[in-house]
Structure formats: structure tokens, C-alpha cells
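All remarks here apply to the structure that follows.
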Amino acid sequence: MSKYHFNEIEAKWQKYWAKNGTFHAQNDSDKPKYYVLDMFPYPSGAGLHVGHPLGYIASDVYARFKRHQGYNVLHPMGYDSFGLPAEQYAIQTGQHPADTTRVNIEGGIDKQGNTIAGYRNQLDKIGFSFDWSREVRTSNPDYYKWTQWIFIQLFESWYCKDHQKAFPISELVKVFSEQGNEKLNAECDAGTASFTAEEWNSYSKKRQEQVLLKYRLTYLAETEVNWCPALGTVLANDEIVNGVSERGGHPVIRKKMMQWSMRITAYAQRLLDGLDKIDWPQPLKDSQTNWIGRSEGASVTFKIQGSDHSIEVFTTRPDTIFGASFMTLAPEHELVGEITTMEQRYEVAQYVEATAKRSERERMADVKTISGVFTGSYAEHPFTEKPIPIWIGDYVLAGYGTGAVMAVPCGDQRDYDFAKHFGIDIPNIFEGIDISEEAFADKENTIITNSDFINGLNYKDATRKVIEALEEKNQGKGKINYRLRDAVFSRQRYWGEPFPVYYKDGLPQMIDLEHLPLHLPEVEKYLPTESGEPPLGRATVWAWDTNKNEVVGNDKIDNESIFPLELNTMPGWAGSSCYMFRYMDPKNPDALASEDAMKYWGNVDLYIGGSEHATSHLLYSRFWVKFLYDRGVLPVDEPAQKLINQGMILGTSALVYRVSGTNTYVSAGLKGEHEVEEIRVDVNLANASSELDLEGLRNWQPQYQDAEFVLEDGKYIVGHEVEKMSKRWFNVVNPDDICSQYGADTLRMYEMFLGPLDQAKPWSTAGITGVHSFLKKLWKLYHGGTEGAFAVSDADPTKDNLKTLHKTIKKVAEDIENFSFNTSVSTFMIAVNELTAQKCNSREILEPLLILISPYAPHIAEELWSKLGHNESIATAAFPQFEASHLVESSKEYPISFNGKMRFKLELPLDMSKEDIEAAVMAHERTQQQLAGRTPKKVIVVPGKIINIVG
RNA sequence: GCUGAAGUGGUGGAAUUGGUAGACACGUUGGACUUAAAAUCCAAUGGCCAUUAUGGCCGUGCGGGUUCAAGUCCCGCCUUCAGUACCA
């Protein structure tokens with residue numbers, strides 16, 4: 001009767017948890033809080049594969065562990081449900097993205113007749129302890145209301161560099177009207193003109209608005225963007241990989257468009273500084289640091305001879321300024337036209353045109369070819385006043401620094417190569433350094449020479465002196481430059497948050513907070529309009545009535561109180577930047593979350609997700625959280641205290657080998673004898689020992705119907721290829737299948753057992769039987785070693801029983817705290833083997849053991865727990881206390897003499913005799929001599945040997 | 001090129017952070033049970049040599065070093081993976 005029927009058990013307890021709200025977190029509790037969060041998934045139509053739950057299982061183990069430790073645990077889940085795939089599916093099929101998204105989450109049959117399991121159903125089968133009463137979906141109006149609200153807060157704010165903090169725009173207006181902007185140290189658009197208070201006050205309302213837009217933390221600007229014609233949208237830098245779109249691999253070109261931008265650069269320094277306070281993986285911190293790209297140096301202004309213009313450059317090596325023998329401008333530099341002389345005009349125009357035509361990708365692929373052209377003009381060296389020829393070269397990037405460099409060929413390899421190529425002078429300013437072959441870029445190990453007032457100085461001193469001298473001449477100053485760019489925030493898509501913005505007189509206006517959310521309008525088609533407007537350009541009811549404060553038909557726009565609404569939507573990261581706070585109070589209609597809730601939960605204590613979000617979601621989220629902290633909305637300025645990147649689970653594709661030009665397939669061992677093509681087949685058709693189910697294959701796809709198979713030893717063996725798990729490689733393994741075959745507890749434990757959480761690893765079912773038979777053994781342990789009746793007694797535990805239990809408690813608690821989930825699975829296996837061998841049936845042992853195992857295998861733990869007579873869920877049971885005395889009882893204290901004088905009391909195994917130890921000590925007399933005078937911290941004794949550790 | 005991580009049996013991976021390397025699991029081999037298979041259980045399993053049990057030698061990518069003691073620390077290489085890339 002009492003076999004381990006995992007399917008029944010798991011269904012029973014999943015139902016129980018849902019019905020009893022076992023995992024609902026309370027916002028008011030005397031317990032300490034703990035917030036465990038997973039990066040919420042995008043619900044794609046393909047459903048979950050076994051790789052997705054890895055991080056969720058880890059966080060679930062940890063959340064359950066923390067509950068056992070007496071914490072009030074918040075462990076929510078939701079969906080990042082706006083996104084491009086649903087939109088592209090909508091374009092193809094005409095189905096509304098909201099409908100397909102709902103089906104993808106909740107399951108059902110879509111309009112094409114496909115049966116979709118649904119993310120929620122798939123997740124439920126794995127037995128997670130999520131508090132589903134707090135679910136959020138970024139595409140729900142109740143949710144995106146708050147995304148829009150945050151956008152408005154950003155619009156209504158500016159950033160003061162002196163205070164390193166964001167303030168309301170009303171305070172900026174006050175400053176302007178009282179003292180203009182001359183003394184103000186605020187983040188704003190480059191080249192913003194200065195004005196006095198009188199000038200400000202004389203400006204028209206419209207002009208004032210235009211000026212304010214240059215200071216707002218989200219602003220409209222003509223931006224050069226990455227336009228992807230195939231997708232019909234703008235992409236962020238991090239959505240482009242190797243010059244093509246990350247999604248789909250389409251070409252990307254540069255194009256100027258009016259776009260919303262986020263002034264994330266204002267927060268560059270704080271985003272760097274904040275990394276010190278948070279416990280995130282070092283590689284992830286490093287990639288954020290690199291992405292922000294802080295470099296210290298100076299900006300230097302070069303006058304142009306015979307012109308009123310001057311060129312500003314940024315350099316990290318002001319100490320090498322006397323080695324500057326030319327300047328290089330990016331081909332896109334705004335002064336190129338101005339300074340090119342008549343003689344050079346044709347050549348320059350040709351060069352600029354040629355580089356503009358080259359795509360980003362070509363320019364990147366071809367970094368070795370040196371190209372450039374002389375403008376004919378000369379700049380003036382700030383100190384020597386010698387003429388410096390101004391060149392144009394595409395090795396200088398328009399988007400970094402000022403798009404112009406002072407070229408110091410002796411100290412920079414790129415400048416050196418350029419100078420060599422065009423026969424420009426290479427003056428040497430480094431003492432005793434040979435630069436006949438290459439530039440010398442090592443700034444730490446040289447002394448400056450041939451450099452007027454900085455001769456004989458090292459890099460540091462020379463830099464300081466040059467900056468002082470430049471400041472005196474008003475031709476430069478020390479400067480910190482960041483690689484980080486402001487983030488473009490507009491997407492020409494349908495399936496995203498609409499901006500709460502309408503346009504009056506060409507200027508953007510925010511919709512009042514009390515009228516949010518601004519609902520996404522209906523459109524006939526999800527494509528851009530014929531005139532190139534985003535899909536929202538197709539909406540016929542998409543104008544804002546400022547009298548009624550509601551959306552009305554576009555045909556009424558002529559009316560003076562009705563205005564066009566913004567046609568762009570927000571990017572994918574908008575909805576995911578602050579979702580962790582919405583979970584705290586997800587149904588609150590009046591705030592992102594109540595102050596009490598935010599104060600109680602603080603920030604995320606443990607955040608688990610993939611490292612691919614390092615420079616996107618995780619950077620933007622930190623930015624928004626810092627901003628909302630500045631404005632007093634949030635009590636914390638980082639989203640997550642600790643973060644762990646789970647490694648990806650890769651797929652193992654199955655390969656068959658077709659003899660070229662035939663319909664004959666040879667087994668893997670025979671492929672060397674023929675010329676073959678590798679073809680991927682459904683990996684689920686191969687078993688754990690790589691044997692292919694030929695019958696299944698024939699039914700899988702028609703071309704295998706009458707194929708011939710050449711076997712080895714009567715079997716067809718497939719080859720393997722490890723690659724990303726994806727439908728196109730037929731290597732997707734569905735967790736539902738694993739659950740029905742082995743059970744969710746097996747799946748959970750097996751995924752944890754596969755290896756260290758943060759490591760990438762291929763999926764293979766090879767070892768799953770080991771974990772599964774462990775659970776069967778566990779079951780038997782509570783049934784008298786058989787699959788008979790439940791057999792736990794009140795008998796006293798033996799010393800061995802207690803030893804096994806307590807070493808398991810110790811190890812498992814350590815493992816979980818260190819996130820070494822794989823080793824604690826081994827620990828359980830050892831414990832169950834030992835207790836089985838000891839024929840343990842003592843409740844005093846078996847009860848705590850269940851609590852240890854329940855974070856990993858919650859269903860079987862609940863079942864056995866209830867058989868032990870408990871009415872409450874095991875989830876609330878207290879984690880067992882570790883008592884060291886049970887471990888040392890099997891050893892004894894034993895004194896030994898050391899170095900003739902000292903005496904140590906050692907804890908030794910019982911089976912080690914006095915004679916053995918003395919013999920060992922004698923044998924190591926030499927060692928002791930060398931240790932004389934030092935105090936050993938610990939003495940390790942092994943049979944036949946004694947080994948000392950000195951402190 | 002730069003930055004970061006990692007190289008341990010046939011395989012996935014352990015090793016209290018300097019203390020008996022290879023835990024645990026898979027796989028393989030042999031055995032028990034069975035008409036048979038599955039399931040289950042027991043034993044062996046880093047390599048080489050030896051064998052009458054005992055044993056011995058070599059072994060954590062390669063070459064050096066520190067130490068009584070190195071998978072672990074230091075120096076120099078090699079390889080793999082990930083991120084990033086003309087950043088002045």
C-alpha cells in the first residue's frame with residue numbers, strides 16, 4: 001500500500017498549500033523579515049524548459065530554509081509580460097498580445113489551436129513556495145500605472161551635482177528666477193546656454209519649458225539612435241551584439257530621431273560607489289564598472305588658428321601634452337565643416353561620406369586599416385603655441401568624450417600608427433625610452449622630458465602641474481569622463497507601456513497623476529504606419545482631452561483643448577526596474593507600495609537571476625531606485641543587498657548521421673566510415689545511454705518514415721552537441737515531463753545536485769535515477785526499510801543515530817548559507833544510507849531529518865510529516881538545533897607531550913591507541929625540532945602519522 | 001587586445017580554505033534475487049607494480065618556488081569558457 005507514489009503526493013500537497021495559503025507573507029509581523037526574489041520571467045509561448053527553474057529552485061530552497069529559521073519570508077513571483085515576441089506573434093497572427101500573453105501565463109488553447117501549458121501551471125507543478133497572492137504582471141494597467149508614475153517623477157526632477165541628488169523641478173524654476181543658471185551645478189544637455197535671472201524671467205512660457213527640458217531627468221532630444229529597419233524599432237546599445245540586433249540578428253544603422261532619454265549619466269558616480277555596499281558577484285560588479293567606464297583626466301581647449309572656434313578634447317594623459325603633434329576629430333565632429341580649408345574640402349567630404357556609409361559593423365570588423373584625412377587647419381598648442389595639424393580619422397569615436405583627441409603618438413599606439421601611416425612627426429617626451437618601434441603607454445614607469453615646465457616629473461606630478469597651468473590660462477581643467485551614455489527610452493513598438501504624455505504646442509505635457517493609468521489603445525495592426533510612425537499612430541482613439549481628462553478620438557484634435565498623445569512606448573526595462581517594491585503591496589491603488597510596507601520589507605535580501613542582465617536591467621534598476629530614494633519615495637537606494645547569478649542550463653542536442661546523398665543513417669560509432677551530415681533530432685527520443693528510439697523517430701518527422709538505419713550492437717547511438725536549449729535544436733526538455741516521470745522532488749533535488757549553482761552546465765538525465773532512488777530510500781527509511789506500513793517509533797536514538805543527525809544538521813545549514821546546494825544533496829544521501837544501515841526508526845531522529853530535507857524535497861517531507869501526526873505544514877517547523885556534543889562523543893581527549901615540554905589535549909578517534917600516537921610523535925621528531933618555540937594551533941593525527949599545523 | 005572565472009578519475013562533481021585528494025552520484029564490471037526482464041540489494045572501480053593478507057610507486061593542465069605539509073599560496077607558461085572591445 002505504502003509505496004512512494006510521488007505524483008499523488010505532490011498533487012495533494014500543492015493543492016493543500018494553495019488552499020491554505022501556506023506561503024502568504026504578512027506585512028505586519030513580529031518576526032524578522034527576509035525577502036527572496038527571482039528575476040521574473042517573460043512568459044513566452046514556448047513555455048518553461050528545465051533550465052528556467054534552476055534559479056527558482058535555489059531561491060525556493062533558501063526561502064523555505066529561512067522560514068524554518070523563523071523569518072517572515074517574502075517570496076513572490078510575477079511576469080515581465082510586455083515584450084517583443086508577443087508583438088511579433090501579434091503581427092504574424094493578428095492576435096492581441098494581451099490575449100496571447102494571458103494564455104502563455106494561464107494556459108489554454110490559443111487561436112491557432114496550439115495547446116499552451118501555461119507558465120503558472122508549469123511552475124505550480126514544481127512545488128514552489130511563492131506567495132501568488134502578490135503576483136504582478138507588468139502589462140496590467142494596475143501595474144503600469146506605477147511605471148508611468150515613475151516616469152512622471154523623473155520628468156519632474158533635476159539633478160544637482162553639488163548635492164549629488166535629484167530634486168523637484170519646482171526648485172530649479174525658483175533658482176532660475178532668482179539667479180539664472182550661471183552658478184548652478186546641475187546635470188543638463190551639453191551646450192546649454194547660460195542665462196541670468198532677468199533673462200529667465202523675460203523668457204516666454206514656451207522658452208522656459210524648452211530650457212527646463214534640458215535639465216529634466218527624462219527629456220526629449222534628437223538622438224542618434226540604433227535603428228533596426230527589420231524590427232522597425234530603436235535598440236539600446238545592450239540590445240546590439242556584434243553590430244546586429246540581439247533578437248533576430250538584423251542589421252542596425254545609425255539614425256537621428258526625437259526620443260525620450262533617461263539622464264542615467266547623472267548617477268554614474270553613485271552607481272559606481274554603490275557597488276561597494278552590495279554583495280553581488282565580482283564579475284557582475286566588474287562589468288557594471290566597465291560599462292560605466294570612469295576615467296580621470298583633463299579637458300583641454302585648443303584654439304584654432306585663424307578662426308574663432310576652438311576644439312575641446314578629453315585626455316587621460318595631460319602629462320603628455322608636449323608630445324601632441326596633431327589632433328584628430330571624429331568624422332561626425334560638428335566642426336569638421338567649419339575648419340576644413342578650401343583645398344582640402346573635396347577630400348574631406350569624400351572621407352566623411354565614406355565613413356558614414358560604413359555600418360557600425362564594418363567599422364568594427366576593420367579596426368586595423370588606418371584611414372584619415374587632413375583638414376588643412378591648425379590648432380595652437382596651449383603652451384608652446386606651435387601649430388598642430390588637425391586631422392580627421394575614424395578611429396576617433398563621436399560618441400565618446402568630445403569626439404576629438406589630442407594625438408600623442410609617442411604615448412598612444414593608435415596615435416602612433418596614425419602618425420606613422422601619414423608621416424606625421426613623433427616627438428619623444430619620455431626619458432630613456434625607445435619609441436622607434438612602438439608607442440610607450442606605461443604611465444607609471446617613466447619620467448617626462450622635452451616638456452618645458454614639467455621636465456623631470458613623473459606621471460602624477462606632471463598631470464597635476466599641467467592641469468594647474470591649463471586652469472590658469474583658462475584653457476582646460478581636470479575632468480572625469482564616463483563611458484556610460486544616457487539611456488534612450490522610446491521604442492517604436494505597440495506592446496509596451498504608453499507614455500503618460502501629450503503634446504501641446506510642440507512641448508510634452510504630463511497627464512495628471514490622478515488620471516493614470518493611461519491605457520494602451522487598441523489598434524488594427526501592430527505594424528508601424530505607412531508614414532513611419534510607431535504602431536500607436538494607427539490608434540484612432542488616441543488624443544487627450546485636457547478638459548475631461550480622458551482619452552478621445554484623434555479626429556477631435558482640432559479642438560483647442562484636445563491634443564495628440566505620445567506614439568512611442570517604453571522599453572522592456574521600464575517595467576522591471578522597480579517591480580521588487582510593488583510586490584510589497586501589490587494591490588495598493590494609491591502608491592507604488594505603502595510607506596509601511598516599504599519600510600518593513602526594505603530591499604531584496606537575496607536576488608537570484610542570470611548574469612545576462614548585468615548592464616541592462618540591473619543597472620537601470622539601480623538607477624531608478626537611487627532616484628526614487630532621492631525623491632523620498634523609497635527608503636533604500638539599492639534594489640538588492642545580495643545577488644547570485646545562476647548558471648545557464650544548456651541543452652544537449654542529439655545528432656544522427658546521414659550518409660551524404662542517401663536516406664541512410666549510421667550510428668555514431670560508424671560515422672567515421674562514411675561522409676555524413678549531422679542532423680539534429682528530438683533529444684527526447686534518445687535514452688540516458690544515447691540509444692535512439694527508432695520507432696519514435698519514424699513517427700516524429702516524415703523524412704524518417706522509410707529511412708534506413710545502420711546499427712551498432714543492435715542499437716542506434718546518437719551523437720551529442722552541447723548548446724543553448726532551444727526549439728530550433730530540438731533539445732528542449734520540459735520540466736512537466738520530468739515531474740510526471742520522476743516527480744517534482746526529484747527534479748528539484750536533481751537540479752540542485754547537478755553542480756554549483758553559478759556554473760553553466762549541460763542538462764542530462766544520466767544521473768537523475770540516483771536522486772530518485774534516494775527519495776525512494778528516504779521513503780523506505782520511514783517504513784521500516786520496506787515499502788510496508790509507516791514505522792517510526794518513540795525509541796531512544798542511539799549515539800550513532802545522533803551523530804548522523806547532527807553532522808547532517810551542521811553540514812546542511814552551512815551548505816545552504818553558502819549556496820552550495822549540490823553538496824547538501826550528497827549529505828542527505830549519506831545520512832539516509834547511514835540511518836538505514838543503523839536501522840534507525842526513532843522519531844527523535846527522523847522528525848528533524850525531515851525538516852532538513854523539506855526545503856529541497858517539500859512534497860515528500862510534507863507527506864511523511866503528516867504521517868508523523870502533524871496537522872500543520874512542515875513549512876513552519878523550526879530548523880533543528882545543532883549540538884556539537886553528539887559529534888565529539890566518539891572521540892576522547894588524550895594528552896601528548898610536545899617538544900619535550902608542552903602538553904596538548906587532543907580529541908582523538910577512539911580507535912587510535914596510545915602506542916600509535918606515541919610512535920607517530922617519535923617518528924616526527926625532526927618536525928618538532930623545527931616547530932620549537934612556536935605554538936601549534938591544531939594538531940592533526942592520522943593513523944601512523946602526526947601532522948602539526950602552526951598558527 | 002583588455003577584464004573576469006576555471007582546468008581534479010570514463011562522466012557530473014567533493015575536499016572543513018594549507019592537513020589521509022577523488023566524498024556523493026552516474027557509468028562500468030562481478031554477484032544475489034528472478035523462467036526472464038525491470039526494480040531492488042551486495043561488492044569492486046584514479047593509474048602502474050606486486051600479491052599470501054600485508055604493500056609500494058606515480059598522480060589535481062605544464063614548468064619552477066615557498067612549506068614539516070600544496071588541488072589550495074607565490075612566479076612563469078599553456079588551454080578553455082564568459083564579458084568587453086579603436087574609450088583617447
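Computed from a predicted model, the values in this text were never measured in an experiment. Each chain gets a letter, A, B and so on, in the order its sequence line appears, and its residues count up from 1.
Computed from coordinates, the His772(A) NE2 to A39(B) P distance equals 11 Å when rounded to whole Å. Following rounding to the nearest Å, Leu757(A) (CG) and G12(B) (P) show an atom-to-atom distance of 19 Å. Note: CD1 (Ile768(A)) to P (G12(B)) measures 18 Å, nearest angstrom. In this structure, Gln646(A) atom CD and A82(B) atom P are separated by 17 Å, rounded to whole Å. Atom-to-atom, CG of Asp412(A) to C1' of G1(B) comes out at 13 Å; the value is rounded to the nearest Å. In this structure, Lys780(A) atom NZ and A39(B) atom P are separated by 13 Å, rounded to whole Å. Atom CE in Met752(A) sits roughly 19 Å away from atom P in G12(B) (whole-Å rounding). Remark: C1' of A88(B) and CD1 of Ile390(A) are 17 Å apart, rounded to the nearest angstrom.
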Shorter than 3.5 Å, N or O on both sides, protein versus nucleotides 13-15 of chain B: list them out with atom names.
residue, atom, partner, partner atom, Å
G13(B), OP1, Gln759(A), OE1, 3.3
G13(B), O3', Asn822(A), ND2, 3.4
A14(B), OP1, Asn822(A), ND2, 3.0

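Between Gly293(A) and Val771(A), the one whose closest nucleotide on RNA chain B sits nearer the 5' end is Val771(A). Residue Pro283(A) is the one, among Arg483(A) and Pro283(A), whose nearest nucleotide of RNA chain B lies closer to the 5' end (criterion: closest heavy atom).
Taking side-chain N and O atoms only, Tyr395(A) has no distance below 4.0 Å to OP1 or OP2 of A88(B). Contact annotation: Arg485(A) does not reach the phosphate of C87(B) (side-chain N/O to OP1 or OP2, under 4.0 Å). Distances shorter than 4.0 Å separate none of the side-chain N or O atoms of Ser764(A) from OP1 or OP2 on G12(B).
Atom CZ in Phe821(A) sits 10.5 Å away from atom CZ in Arg748(A) (nearest 0.5 Å). Atom CD1 of Ile853(A) sits about 6.0 Å away from atom CE of Met749(A), to the nearest 0.5 Å. Here the CE-CD distance, from Met39(A) to Gln646(A), works out to 7.5 Å after rounding to the nearest 0.5 Å.
With C1' as the reference atom, A88(B) and C81(B) are 31 Å apart, rounded to whole Å. Atom name P, nucleotides A32(B) and G71(B): the rounded distance is 42 Å, in whole Å. Rounded to a whole angstrom, the distance from the P atom of G10(B) to that of G22(B) is 16 Å. Rounded to the nearest Å, the gap between the C1' atom of C77(B) and that of U28(B) is 37 Å. Atom C1' of C62(B) sits at a distance of 30 Å from the matching atom of A85(B), rounded to the whole Å. Here, C87(B) and G18(B) have their P atoms 39 Å apart, quoted to the whole Å. To the nearest whole angstrom, the two P atoms, one in A69(B) and one in U79(B), are 32 Å apart. Taking atom P in both U8(B) and A23(B), one finds a spacing of 16 Å when rounded to whole Å.
Judged by Watson-Crick or G-U wobble contacts below 3.5 Å, the nucleotide U40(B) has A32(B) as its partner. Nucleotide U72(B) is matched to nothing when pairs are restricted to Watson-Crick or G-U wobble geometry with both distances under 3.5 angstrom. Across all strands shown, the partner of G27(B) is U45(B), judged by Watson-Crick or G-U wobble contacts whose two distances both fall under 3.5 Å. Using the Watson-Crick or G-U wobble rule with both distances under 3.5 Å, U16(B) pairs with nothing in any strand shown. Base-pair partner of U54(B): not found among the strands shown (Watson-Crick or G-U wobble, both distances under 3.5 Å). Base pairing of A5(B): its partner is U80(B), meeting the Watson-Crick or G-U wobble criterion (both donor-acceptor distances under 3.5 Å).
In this structure, Asp412(A) contributes its side chain and Arg414(A) its backbone to a donor-acceptor pair below 3.5 Å. Listed for the Arg294(A) side chain is no donor-acceptor partner under 3.5 Å among the backbone atoms of Asn481(A). Thr446(A) contributes no side-chain N or O that, together with a main-chain N or O of Lys443(A), makes up a donor-acceptor pair within less than 3.5 Å.
Listed here is the closest heavy atom pair of Gly478(A) and Ile467(A): N-CG2, 3.5 Å.
Glycosidic conformation of G9(B): syn, with the torsion inside 90° of 0. The glycosidic torsion of U84(B) lies more than 90° away from 0, which places this base in the anti conformation.
Between Ile390(A) and Leu329(A), some side-chain heavy-atom pair lies under the 4.5 Å cut-off.
Ring centroids of Phe322(A) and His381(A) are separated by less than 6.0 Å, placing the two rings close together. For Phe326(A) and Phe422(A), the distance between ring centers is not under 6.0 angstrom.
Lys285(A) comes within 4.0 angstrom of nothing in the nucleic acid, heavy atoms only.
Annotation: proximity of residues 826-836 of chain A to RNA chain B (heavy atom, distance under 4.0 Å) is found for Ser826(A), Met829(A), Ile830(A), Asn833(A), numbered in ascending order.
Here Tyr459(A) pairs with nothing under the ring-ring contact (aromatic ring centres under 6.0 Å, His included) rule; sequence neighbours left out.
More than 12 non-hydrogen atoms from other residues, nucleotides or ligands lie less than 6.0 angstrom from NZ of Lys285(A).
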